[in-house]
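Report on the following structure.
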Amino acid sequence: MAIDIRKVTVLGTGVLGSQIAYQTAFRGFDVTAYDINEPALEAARERFAKLAAAYVAEVPGAAGGKAEQTASGIALTTDLAEAVKDADLVIEAVPEVLTLKQEIYRHLGEVSPERTIFATNSSTLLPSDIKDSTGRPDKFLALHFANQVWKFNTAEIMGTTDTDPAVFRALVDFAEAIGMVPIEVHKEKAGYVLNSLLVPFLNSAMALGAGGYADPEAVDKTWRIATGAPMGPFQILDVIGLTTPYNILAHGDEDAQRLAAWLKDNYIDKGKLGIATGEGFYRYSA
C-alpha cells in the first residue's frame, strides 16, 4: 500500500531546520515546527520572515503573498507530543550530538503515532547509530538537505538494513514533491555523498587558517580563481553557520578538537557564527 505523507513535523528550527520547514510548507504540505522554548520559536519566526523575503527575490511563484502566507502558515510549538500527534513524517534537525539525538528519538517514539516515519537530517552520524532509539527502525532513515535548500536542492536518502523499502521509496517521492532532487545512497556512509566530499575540504581549509598558513580570504581566493568555483571554503562555512562544524569537530579526534578550539576561541565565543549573525569569517550587511 502506498504511503501518503501530508502532515510533516520538523524538530529543530535552526538554520537548516527552518529552511526544511519553510520549503515543505511552500510546496503545499501541512507543517508544524518544534523547538525547546519560546525564544527559539521567536528566532524561528524571524528566520521564516527572512526566508519569505529570499523566496520573493529568488524563487519563481513566491511573489504575490505566497511567501508571506507560507511563513505565517507554519504551526510552532514547544510541546513535542502536540507537534507530532498527527504527523505522517517527522524530520529531525537538532544539533549534531549523538546522545542528544538518541534522547529525542526515545521520547519521540513514545508520543508519535505508530504510522509516523522518522527521518534524521544528521550531517555525519550514521542512522544505524540512532535506529534503536526510535523504537521503529523499519520506519527510520536519513534525509539530508544542503543549506539554502531553495537553491541547492539535493535531498540525500539513506536507510539502514532495517529500513522498510516502501518507507525509503516514500521519502524519495516526498523529496521530489517538495522540489528536491533525490539522491539515493545505496548503503550507509557517514557524510552521505555531499559531506563525504565537503567535510574533508572544509577541514583542510580550517587547518590552513588555524595553522597560520594563509588567511581565510587568501584560501577562498585561491580556490575560486584556480577552480572557477563561485565560493571558497570559508564562505561556505559562513553559509552553513559555524556551530554545526564546531559540534562535529568537538567530538572528533585530537586534530579535529584543535580545530574546534580554534573556531570557538576566535569566532564562536565572539558571536561570529556566520551569515545568520552578520559576521563569521566575513562581515555581512543586514
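Index from 1, following the sequence.
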Could you tell me whether the side chain of Val219 reaches within less than 4.5 Å of the side chain of Thr222, counting heavy atoms only? no

Does the side chain to side chain donor-acceptor pair (under 3.5 Å) test come out yes or no for Gln19 and Asn147, once each step is laid out? CA-CA 8 Å; Gln19 291 180 24; Asn147 202 359; 2.7 Å; yes

Sort and list the pairs that fulfil side chain to side chain donor-acceptor pair (under 3.5 Å) and have at least one residue in residues 202-216, not counting sequence neighbours. none

Closest heavy-atom pair and its distance - Ala155, Ala175: CB-CB, 3.9 Å

For Glu68, side chain to side chain contact (heavy atoms under 4.5 Å, CB included) partners two or more places apart: Val56

Could you tell me whether the side chain of His107 and the main chain of Glu103 form a donor-acceptor pair under 3.5 Å? no

Please tell me if the side chains of Lys7 and Lys85 come closer than 4.5 Å, counting only heavy atoms from C-beta onward. no

Scan for ring pair (Phe, Tyr, Trp, His ring centres under 6.0 Å) pairs involving residues 54-99, sequence neighbours excluded, and state none if there are none. Tyr22-Tyr55, Phe26-Tyr55, Tyr55-Trp150

Quick one: salt bridge (charged side-chain N to carboxylate O under 4.0 Å, His left out) pairs with a partner in residues 122-136, sequence neighbours left out? Lys131-Asp162

Can you sort out the partners of Ala250 under side chain to side chain contact (heavy atoms under 4.5 Å, CB included), two or more places apart, ordered by chain and number? Tyr246, Ala260

Heavy atoms, side chains only, cut-off 4.5 Å: are His144 and Ser123 in contact? yes

Hey, is the main chain of Ser128 close enough, under 3.5 Å, to the side chain of Glu188 for a donor-acceptor pair? yes

Test ring-ring contact (aromatic ring centres under 6.0 Å, His included) applied to Phe48 - qualifying residues, sequence neighbours left out: none

Would you indicate whether the side-chain heavy atoms of Ile178 and Val149 approach each other to under 4.5 Å? no

Are any non-hydrogen side-chain atoms of Glu58 and Lys151 less than 4.5 angstrom apart? yes

Quick one: CG on Leu202 to CD1 on Ile240, what's the gap to the nearest 0.5 Å? 5.0 Å

I'd like to know if the side chain of Lys139 pairs up with that of Thr116 as donor and acceptor (distance under 3.5 Å, no hydrogens or angles considered). no

Kindly indicate whether the side chain of Arg47, heavy atoms from C-beta on, has any atom under 4.5 Å from the side chain of Lys50. no

Do Leu126 and Ile157 share a hydrophobic cluster, counting only Ile, Leu, Val, Met, Phe, Trp and Tyr and linking them when any side-chain heavy atoms are less than 4.5 Å apart? no

With sequence neighbours left out, what residues match Ala229 under side chain to side chain contact (heavy atoms under 4.5 Å, CB included)? Trp223, Thr227

Distance-only, no hydrogens or angles: does the Thr154 side chain make a donor-acceptor pair with backbone N or O of Ile183 under 3.5 Å? no

Within a reach of under 6.0 Å around CD of Glu38, are more than 12 heavy atoms found that belong to other residues, nucleotides or ligands? yes

Between CD of Glu110 and OG of Ser112, what distance do you get to the nearest 0.5 Å? 10.0 Å

CD1/Ile20 to OG1/Thr13 distance, rounded to the nearest 0.5 angstrom? 11.0 Å

Closest contact, heavy atoms only, Leu51 versus Ser18: CD1-O, 3.7 Å

Taking the six-membered ring for Trp, are Tyr282 and Phe234 closer than 6.0 Å centroid to centroid? no

So which of Asp164, Asp4, Asp88, Asp138 actually passes salt bridge (charged side-chain N to carboxylate O under 4.0 Å, His left out) with Arg115? Asp88

Do the side chains of Met158 and Met180 join up, straight or via other hydrophobic residues, at under 4.5 Å, putting them in one cluster? no

Under the side chain to side chain contact (heavy atoms under 4.5 Å, CB included) test, which residues partner Lys187, sequence neighbours left out? none

Please check if Ile236 and Val199 belong to a single hydrophobic cluster, counting links between Ile, Leu, Val, Met, Phe, Trp and Tyr side chain heavy atoms closer than 4.5 Å. no

Side-chain heavy atoms under 4.5 angstrom apart, residues restricted to Ile, Leu, Val, Met, Phe, Trp, Tyr: same cluster for Phe174 and Leu16? yes

Taking Glu92 for its side chain and Val10 for its backbone only, find out whether a donor-acceptor pair lies under 3.5 Å. no

Does any donor atom in the side chain of Thr78 or Asn37 lie under 3.5 Å from an acceptor atom in the other side chain? no

Please examine the side chains of Met206 and Leu249, heavy atoms only from C-beta on, and report whether any two atoms are closer than 4.5 Å. yes

Treating Asn121 as the side-chain partner and Gly17 as the backbone partner, does any N or O pair qualify as donor plus acceptor under 3.5 Å? no

Take Ile91 and Leu89, measure what side-chain contact (heavy atoms from CB on, under 4.5 Å) needs, and give me the verdict at the end. CA-CA 6 Å; Ile91 302 172; Leu89 170 66; 4.0 Å; yes

Tell me which pairs pass salt bridge (charged side-chain N to carboxylate O under 4.0 Å, His left out) where either residue lies in residues 238-267, with sequence neighbours left out. Glu254-Arg258, Asp255-Arg258, Lys264-Asp269

Walk me through whether Lys101 and Glu96 qualify under salt bridge (Lys or Arg N to Asp or Glu O under 4.0 Å). CA-CA 8 Å; Lys101 289 182 185 288; Glu96 194 77 348; 3.8 Å; yes

For Phe152, the hydrophobic cluster (side chain heavy atoms closer than 4.5 Å, chained through members) also holds none

When you measure from the side chain of Thr277 to the backbone N and O of Leu273, does any donor-acceptor pair fall under 3.5 Å? yes

Is it the case that atom NZ in Lys221 sees more than 12 heavy atoms from other parts of the structure closer than 6.0 Å? no

Using a side-chain heavy atom cutoff under 4.5 Å and only I, L, V, M, F, W and Y, what cluster partners does Ile130 have? Leu11, Tyr34, Ile36, Leu80, Val84, Val90, Val94, Val97, Leu98, Leu100, Ile104, Tyr105, Leu108, Val111, Phe118, Leu125, Phe140

With sequence neighbours excluded, give me every side chain to side chain donor-acceptor pair (under 3.5 Å) pair touching residues 174-183. none

Distance-only, no hydrogens or angles: does the Gln257 side chain make a donor-acceptor pair with backbone N or O of Gly252 under 3.5 Å? yes

